[in-house]
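Model, not experiment: these values are computed from the prediction. Start at 1 and go down the list; that is how both ligands and their atoms are numbered.
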Amino acid sequence: MNIHEYQAKELFRSYGIAVPAGRMADTEAMAGDVAEEIGGKSWVVKAQIHAGGRGKGGGVKLAESVEEVRHHADQIIGSHLITAQTGAQGKLVQRVLVEAAHEIKKEFYLGLIIDRTRQRITIIASASGGMDIEDIANSHPDKVIREAVDPAIGLPEFQCRKIAARIGLTGELMPQAVKLMRALYRCFRDKGALMTEINPLAIVDDNKLMALDAKISFDSNAVHRYPEITSYRDFDEEDPKEVEATGHGLNYIALDGNVGCIVNGAGLAMATMDAISLHGGSPANFLDVGGGASPEKIANAFRIVLKDPNVKTILLNIFAGINRCDWVATGVVQAMQDQKIKEPVIIRLSGTNVELGQKIIDNSGLPFIVAKDLDEAARKSVEAVRRVTA
Ligand code: GDP
Ligand code: MN
């Protein structure tokens with residue numbers, strides 16, 4: 001789960017990490033009020049979307065007057081910002097962050113990730129900040145420092161001093177860097193983060209170290225443990241089909257193909273997607289209905305899958321263990337009738353109560369395409385797409 005920069009900075013502030021004075025605004029007028037409240041002579045107006053590269057995309061603007069703050073806010077709010085990370089359609093900006101501008105002396109990169117190979121939270125730091133860290137890591141791997149943290153002792157001061165020295169944060173900057181790194185580590189560990197990035201971490205004004213950007217992503221499977229983080233969730237930034245699916249206890253991920261998939265079990269769902277690809281097709285989604293799929297759950301699955309306008313056919317693949325094929329079959333027949341589904345539906349049932357399920361399908365009088373195994377089901381769904389789109 002990702003959060004906005006203004007939320008990440010709120011969190012940073014509560015951990016004592018230095019960030020510019022600022023606040024979120026969702027109207028032009030409010031942006032002006034925030035600038036007046038902050039005071040000073042110059043401000044930065046920053047588009048709040050869950051994507052980076054805003055600077056280059058025109059989503060970060062410097063303002064020299066409150067009037068100019070309002071003007072930039074007016075231009076940015078309601079626009080579709082296109083950056084290297086948003087895709088060509090861009091992202092609708094609904095809010096900006098208005099902050100006090102600071103004079104930048106030098107930009108650094110500081111991040112924390114979970115290194116799965118080393119099984120350690122790992123610090124990544126570089127004196128080449130402000131740019132894409134992936135690019136620096138490719139072109140100048142020696143300029144990117146990695147330091148794993150031992151979970152038994154946490155992040156001690158000596159380790160922070162070592163990192164600070166290696167990126168050139170010496171003298172009066174070193175104690176600031178040590179304090180900031182330790183606070184960032186505490187925040188990361190306490191809140192179940194997967195990744196956090198300060199790019200740029202900057203020396204501003206007269207030798208102050210400050211986080212000018214802030215990005216944090218959290219483990220969606222752990223986030224329920226931190227209600228204060230859950231409240232940061234912005235549903236507008238997520239695929240509405242995925243949000244609705246979660247509400248129905250379905251595990252749905254939108255993809256860009258045209259064969260809708262309704263499957264029970266994550267492993268079988270992935271195997272189904274592979275089988276479709278093997279036959280030259282492409283899946284429109286991943287969907288795991290889980291165990292104990294009631295007729296209602298199956299109907300919801302059909303509704304969500306069919307919200308994707310690219311879907312040309314649906315493949316239902318059920319291997320019933322805890323599930324029962326007769327429940328699933330009842331759900332499919334109901335969905336077909338209630339939702340007046342026109343797309344070809346390919347059904348493969350196997351496992352508990354399969355004969356009963358098959359009977360319900362056969363007696364329904366509906367034009368289902370039945371398959372006896374996964375391979376046949378995948379082949380028939382790709383053939384159905386070719387027929388429909390021919
Ligand atoms: P990103 O492009 O989405 O990563 O957005 P950033 O928050 O990193 O902003 C892009 C760039 O704007 C930064 O690299 C800075 O150079 C610049 N910037 C951000 N805040 C300030 C500020 O307070 N003062 C000045 N002069 N530049 C800033
Ligand atoms: Mn940045």
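- Residue-ligand proximity, Gly52 to ligand 1, at heavy-atom distances under 4.0 Å covers atoms 3 (O).
- Side chains of Asn285 and Lys241 form no contact here, defined as non-hydrogen atoms less than 4.5 Å apart.
- Every atom of ligand 1 with a heavy atom of Gly53 under 4.0 Å away is listed here by number and element: 1 (P), 2 (O), 3 (O).
- Contact record, Ala371 with Ile346: CB-CG2, 4.5 Å, taken as the closest heavy-atom pair.
- Of the protein's non-hydrogen atoms, Leu212 CD1, 4.0 Å is the one closest to atom 20 (N) of ligand 1.
- The side chain of Glu107, and not its backbone, has at least one atom closer than 4.0 Å to an atom of ligand 1 (non-hydrogen atoms only; side chain from C-beta on).
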Please evaluate residues Glu238 and His50 with respect to the criterion side chain to side chain contact (heavy atoms under 4.5 Å, CB included), reporting the C-alpha separation (whole Å), side-chain torsions for both, the decisive distance (0.1 Å), and the verdict. CA-CA 9 Å; Glu238 298 175 28; His50 287 184; over 6 Å; no
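- Between atom 13 (C) of ligand 1 and the options Pro200, Gly55, Ala84, the minimum heavy-atom separation is to Pro200.
- For atom 6 (P) of ligand 1, the nearest non-hydrogen atom of the protein is Asp213 OD2, 3.4 Å.
- Looking at atom 7 (O) of ligand 1, its nearest protein heavy atom turns out to be Lys46 NZ, 2.5 Å.
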### Derivation of the salt bridge (Lys or Arg N to Asp or Glu O under 4.0 Å) call for Arg70 and Glu67
CA-CA 5 Å; Arg70 286 200 196 95; Glu67 200 40 56; 3.2 Å; yes
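- Take the N/O/S atoms of Asp213: the one nearest the Mn ion (ligand 2) is OD2.
- Judged by distance alone, with hydrogens and angles left aside, the side-chain atoms of Lys105 form a donor-acceptor pair with the main-chain N or O of Asp205 at under 3.5 Å.
- Among protein heavy atoms, atom 22 (C) of ligand 1 sits closest to Val44 CG2, 3.5 Å.
- Looking from atom 9 (O) of ligand 1 to the surrounding protein, the closest heavy atom is Val60 CG2, 3.8 Å.
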Please determine whether salt bridge (Lys or Arg N to Asp or Glu O under 4.0 Å) holds for the pair Lys359 and Glu355, giving the CA-CA distance in whole Å, both sets of side-chain angles, and the decisive distance to 0.1 Å. CA-CA 6 Å; Lys359 198 176 277 174; Glu355 293 84 6; over 6 Å; no
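- Glu5 pairs with exactly one of Arg54, Lys215, Arg23 by the salt bridge (Lys or Arg N to Asp or Glu O under 4.0 Å) rule, that one being Arg54.
- Polar contact with ligand 1: absent for Lys56 (N/O pair, distance under 3.5 Å).
- Heavy atoms of Asn199 found under 4.0 angstrom from ligand 1 belong exclusively to the backbone.
- Below 3.5 Å of separation, one finds no N or O of Ala51 facing any N or O of ligand 1.
- Of the protein's non-hydrogen atoms, His102 O, 3.4 Å is the one closest to atom 26 (N) of ligand 1.
- Taking every heavy atom of Ile104 and a limit of under 4.0 angstrom, the matching atoms of ligand 1 come to 15 (C), 16 (O), 25 (C), 26 (N), 27 (N), 28 (C).
- Nearest heavy-atom pair across Arg166 and Ile145 is CB-CD1, 3.4 Å.
- Atoms of ligand 1 found under 4.0 Å from any heavy atom of Arg54 (numbered from 1 in listed order, with element): 1 (P), 2 (O), 3 (O), 5 (O), 6 (P), 7 (O).
- Taking every non-hydrogen atom of Ala101 and a distance limit under 4.0 Å, the qualifying atoms of ligand 1 come out as 23 (O).
- A side chain to side chain contact (heavy atoms under 4.5 Å, CB included) with Ile216 is found for exactly one of Tyr232, Phe188, Phe12, namely Phe12.
- By the rule that hydrophobic residues join a cluster once side-chain heavy atoms approach within less than 4.5 Å of another member, Ile347 and Phe302 end up as members of one cluster.
- Note that atom 11 (C) of ligand 1 has no protein non-hydrogen atoms nearby, at separations under 4.0 angstrom.
- Atom CG of Asp135 has more than 12 neighbouring heavy atoms from other residues, nucleotides or ligands inside a 6.0 Å radius.
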